[in-house]
Chemist: 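The following block contains the structure, expressed as structure tokens.
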Amino acid sequence: MSFIPGQPVSAVVQRIEIHKLYEGDNLILGFSIGGGIDQDPTQNPFSEDKTDKGIYVTRVSKGGPAEVAGLRLGDKIMQVNGWDMTMVTHDQARKKLTKKNEDVVRLLVTRKSLEETVRQSMMQH
Amino acid sequence: MAEPVQAEISMEELALNSEPSEQHSSLPAQPRQDDNWGETTTAVTGTSEHSLSQEDIVRISKDLDDSVGLDCKRYLNVALSVILGLVVFLTPLAFLILPHLLWPDRLRACGTACEGLYISVAFKLLILLLAVWALFFRPPRAGLPRIFVFRALLATLVLLFVLSYWLFYGVRILDSQDEDYQGIVQYAVSLVDALLFIHYLAIVLLELRQLQPFFSLCVTRSTDGATQHYNLGQLSIQRAAVVILENYYKDFPVHNPAMLTASKSRAAKHLAGLKVYNVDGPGGNNAAAGIAQSQSRAMIAAAARRRDSSHNDLYYEEAEHERRVRKRKARLVVAVEEAFTHIRRMQEEEKKKAPGDVMDPREAAQAIFPSMARALQKYLRTTRQQHLHSMESIQQHLAFCITNNMTPKAFLESYLTTGPTLQYGKDRWLARQWTLISEASVTSGLKDGTIFLLKCIDFSLVVTTKKIPYIKLDEEFIDPKSHKFVLRLQSETSV
């Protein structure tokens, strides 16, 4: 998942569809994000490459919609509803996830184990 | 190898006993084992009262050489330079006076400008005199093995210069008996000016050129590895050696042969561990060389394989020694502090005391010395420094410390740590015993990678030269307004 600035990023991604849940007045997804191009990438415990300024899932609340949909701790979010998440500020990412008029968000997430699974399955054939 | 051992004993006993015994007069073909040779053999020592050892002979001959050679060279140098100086000084005066003596009637009178030049000649000569005295007539600091190349070159230059001026003067002025006295005076002034410029050249060559550091010299003592580094300019090897020796006396701790006995005894133990016996009998030359080589290799291999516990001994010996030194040091410090409390400086008001009670520093030192003498002696013996300090020198040092209001700790400092060689008596200095050993000529300049040795009697200083690297500095400008900072953000938002 290392990226070279200026070159297209390729990754094995998983589609996750989360249905927002009403909690009082708010629609919540049940996870927390960290990262962004205005943040300090070296503090990110989940990234392999410490210069990666992407959006990472830092907490998944138990039993929440995100966990039900298959989101895991440490996932890197690549797209939200078609919006790119690899080069956005933290606040822009938050806004794209918490749009009040949407109750479904479709994420493309990537994690290390996905690549290995694909490689193993390719080797089996 | 029983045969050579027997022969050695026979030679020793021949030397010590005046009458040769017939059983040892010839090398027996079949060795007769004398079973108690261990008790009857005495070891030959280096000196006896009636013989001189090799070292003494070398020392005496060196002293003779030094005293005669040095004085000869020095007097020759002084004589030559005085003669040269006189010639150089009297030349302008001679140029001025000779026309008045030889053709006074034909000379044109000296006008005002000419008389002004007299004053200029006088003062320039005075300045030249002071400058030459300051630069050249200083007591020499060292006796070098070869001539000082720059000085010789300068002396030659001055001589040639003055001779060429005399030549010109003799041909153009004396022969033709020139009447233009002002021209002659100006000629003399130009000579004095040129001499001042040659003196400037002498300062630059002799004093200024070596001030800028160019080489870094690493000096290591061969006996205990004490190392120092010095930065020197472009000097010849002999002048660099003088500078290094001057610094040696103040930077290196004094050479203490008693500290080296431990490693020597360990080395002796290694050698004595294995004995090689030749069971095949003596062979031809080639065989002997081959056997010797294989023997030494066998010895080295066996020594490597043997489980040697000498490292264990070394470790425990050193720990034990450390403990002993610290114990003695503690006793010494307490004894000295207690001794110092027994005396104090007499106050002004106490002048009325009886003169029997009042002591000068030497007597005060003698009064308190016995209480600390034993502790000090034991400490010096443990640290193997006892031959460096005599009782007289210790008492002198004590009187000195009392006079200058020093604390006991200040008094002890010169005994607790080994100081540089200059701190100890003159007989330790051996300043006349140095030999410069060098593969390159000693008047050639230092170069990168020059190695030379300075040998004293028991040890030598190994000097290696390295060129100081050429430093290239780059500049980077920082705008003072460019120092700006932001906070590091790591926020986590829950969605």
Side-chain angles (χ1 to χ4, degrees), chain A residues 16 18-21 23 26-47 50 53 55-62 64-67 69 71 73-75 77 80-81 83 85 88-100 102-105 107, chain B residues 212-220 224-233 251-253 304 311-312 314-315 318-319 322 326 417 447-449 451 462-495:
Chain A
I16 294 186
I18 310 182
H19 296 267
K20 292 192 191 178
L21 188 64
E23 191 175 283
N26 309 320
L27 279 169
I28 61 157
L29 289 164
F31 67 97
S32 299
I33 55 166
I37 53 176
D38 56 340
Q39 305 285 310
D40 181 18
T42 55
Q43 310 270 348
N44 191 341
F46 306 108
S47 61
K50 289 301 171 201
K53 296 189 176 180
I55 307 288
Y56 281 79
V57 173
T58 56
R59 189 182 61 83
V60 178
S61 52
K62 234 175 142 27
E67 194 184 5
L71 195 64
L73 185 68
D75 291 353
I77 304 178
V80 170
N81 287 341
W83 293 100
M85 288 281 126
V88 291
T89 64
H90 189 87
D91 210 39
Q92 285 170 342
R94 182 192 57 83
K95 280 198 200 136
K96 294 283 184 282
L97 283 165
T98 53
K99 282 209 162 29
K100 283 227 164 12
E102 298 170 349
D103 49 345
V104 173
V105 282
L107 310 178
Chain B
Q212 187 184 49
F214 204 72
F215 294 104
S216 177
L217 271 72
C218 173
V219 184
T220 315
D224 59 356
T227 308
Q228 292 281 342
H229 287 86
Y230 300 111
N231 276 7
L232 293 183
D251 283 334
F252 278 74
H311 55 272
N312 233 2
L314 174 63
Y315 172 72
E318 282 196 349
E322 180 83 3
R326 263 190 261 151
T417 54
K447 281 193 259 297
D448 187 24
I451 298 181
V462 183
V463 182
T464 48
T465 319
K466 273 204 174 53
K467 193 151 115 56
I468 294 179
Y470 174 74
I471 297 171
K472 183 158 182 343
L473 268 185
D474 272 334
E475 176 205 352
E476 189 181 323
F477 173 69
I478 296 185
D479 186 5
K481 291 202 270 272
S482 70
H483 299 293
K484 303 249 185 267
F485 295 90
V486 288
L487 286 176
R488 277 192 144 160
L489 302 170
Q490 321 102 34
S491 37
E492 188 188 353
T493 331
S494 50
V495 292

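Proteins get letters first, then strands, A, B, ... in listed order; numbering begins at 1 in each.
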Chemist: For A:Q39, is it the side chain, the backbone, both or neither that has a heavy atom under 4.5 Å from a heavy atom of chain B?
Modeler: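 For A:Q39, backbone and side chain are both near chain B.
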Chemist: Any donor-acceptor pair under 3.5 Å linking the side-chain atoms of A:D40 with those of A:T42?
Modeler: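 The criterion, which ignores hydrogens and geometry beyond distance, is satisfied for A:D40 and A:T42.
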Chemist: Would a distance-only check, ignoring hydrogens and angles, find a side-chain to backbone donor-acceptor pair under 3.5 Å from A:D38 to A:H90?
Modeler: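 Indeed, once roles are kept as given, a pair shorter than 3.5 Å links the two residues.
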Chemist: State whether the number of non-hydrogen atoms from other residues, nucleotides or ligands found under 6.0 Å of B:K466 atom NZ is greater than 12.
Modeler: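 Not buried by this count: 12 neighbours or fewer within 6.0 Å.
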Chemist: Is the CD atom of A:Q43 crowded by more than 12 outside heavy atoms at less than 6.0 Å?
Modeler: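 Yes, enclosed.
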Chemist: Out of A:L97, A:L29, A:L27, which one racks up the most heavy-atom pairs below 4.5 Å with chain B?
Modeler: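 Result: the option with the highest number of such pairs is A:L29.
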Chemist: Less than 4.5 Å to any heavy atom of chain B: does that hold for the side chain of A:T98, its backbone, both, or neither?
Modeler: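 Answer is side chain: those atoms of A:T98 sit under 4.5 Å from chain B.
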